[in-house]
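Naming: A, B, ... by sequence-line order, numbering from 1 per chain.
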2 protein chains.
Amino acid sequence: MAIKRFSKQRELILSAVMNTTEHPTAEMVYTRLKPENPALSLGTVYRNLNQLVAEGSLIRLPFTVERFDATTAPHAHFLCRECGKVYDIMDICYDPALDDKAQLSSGHVVKQHELFFDGTCVNCTEKM
Amino acid sequence: MAIKRFSKQRELILSAVMNTTEHPTAEMVYTRLKPENPALSLGTVYRNLNQLVAEGSLIRLPFTVERFDATTAPHAHFLCRECGKVYDIMDICYDPALDDKAQLSSGHVVKQHELFFDGTCVNCTEKM
DNA sequence: TCAGTAACAGTAATTATTACTGATTATAAT
DNA sequence: ATTATAATCAGTAATAATTACTGTTACTGA
């Protein structure tokens, strides 16, 4: 059950995440869309983000406040500790050998991995 | 300011995290300690965990419910999607070259990275 | 010994997220 | 097209995680 219907709101929310590089939170998506879609509700944003992750259109980044990313191909991320911005790191390519190695040494079935860098981003460095 | 005093509660909370491998949440630490320390309050656990992270005695794992780890040396983690348990992956050693590479390609000042694996752990695999 | 203040327990408040409710609307079969 | 159905919606209530506040206790250094 739970056959997917077309939903204008879902399209809207998906494209909002696709058209930004800022790895928005649910709140950020809502704030972005609300002015031009006054009827939109925050619950709808949460519900559709979860659906989009479930169907694989988005990935969920497990920060303490969740963030979403329309680049579903595995890639690394960078968190700026000063301003809180999250950036993609595309030049470090995903290494499947790591998964094999982790699986061998631990005995767990390893599906994938996430690589999180952190530090101070370019913009914040310039301001110092 | 804010000179650190000795605090029995802080010792208690630190040793609770040190004496387990389960990467406890604040709630788990509280539940563990409460029976033998009935006067302990949840706010105290949160406050002291944050202090211990600030002083470097613990690290914070940025899951959507925060977890803590007394192994402060950088190392990888594995999250079981079935049971939610978090394991250390010690056999994949920290690669500082990754930080350099990320910094060069992105321009950000990279301090460190975290490597998160996920999948199904040994215990859950056996039950299938 | 006592003034200053970190730390405490208890609790209120805040924030993030999910669940519920009754109304609306896409879809598929008539 | 019309209608039945169930997915989706907006609005809101509820829950869960975390932090902030309040009055009290107890170290610590003068």
Assigning hydrophobic clusters by single linkage (Ile, Leu, Val, Met, Phe, Trp, Tyr; side-chain heavy-atom cutoff under 4.5 Å), is A/F68 placed with A/M28? no
For D/dA6, does OP1 or OP2 lie under 4.0 Å from any side-chain N or O of A/R5? no
Of C/dA9, C/dA16, D/dT18, the nucleotide closest to the side chain of B/S41 is C/dA9
At 4.0 Å (heavy atoms only), tell me whether B/E66 reaches a base, stays on the sugar-phosphate, or touches nothing. sugar-phosphate
Would you say a side-chain N or O of B/S7 is under 4.0 Å from OP1 or OP2 of C/dC8? yes
What I want to check is whether the side chains of B/N37 and B/Y30 have a donor and an acceptor closer together than 3.5 Å. no
Determine the contact category for A/F6: base if any of its heavy atoms lies under 4.0 Å from a base atom, sugar-phosphate if only primed atoms, P, OP1 or OP2 are that close, otherwise nothing. sugar-phosphate
Would you kindly compare A/F63 and B/V45 by the position of their nearest DNA chain C nucleotide and give the one closer to the 5′ end? B/V45
Are the ring centres of B/H113 and B/Y94 closer than 6.0 Å? yes
Please determine if a side-chain N or O atom of B/N50 lies less than 4.0 Å away from the OP1 or OP2 oxygen of D/dT19. yes
Below 3.5 Å, does any donor atom in the side chain of B/R47 face an acceptor in the base of C/dA7, or the other way round? no
When we call it a touch if two heavy atoms are under 4.0 Å apart, what does A/Q9 touch: a base, just sugar-phosphate, or nothing? sugar-phosphate
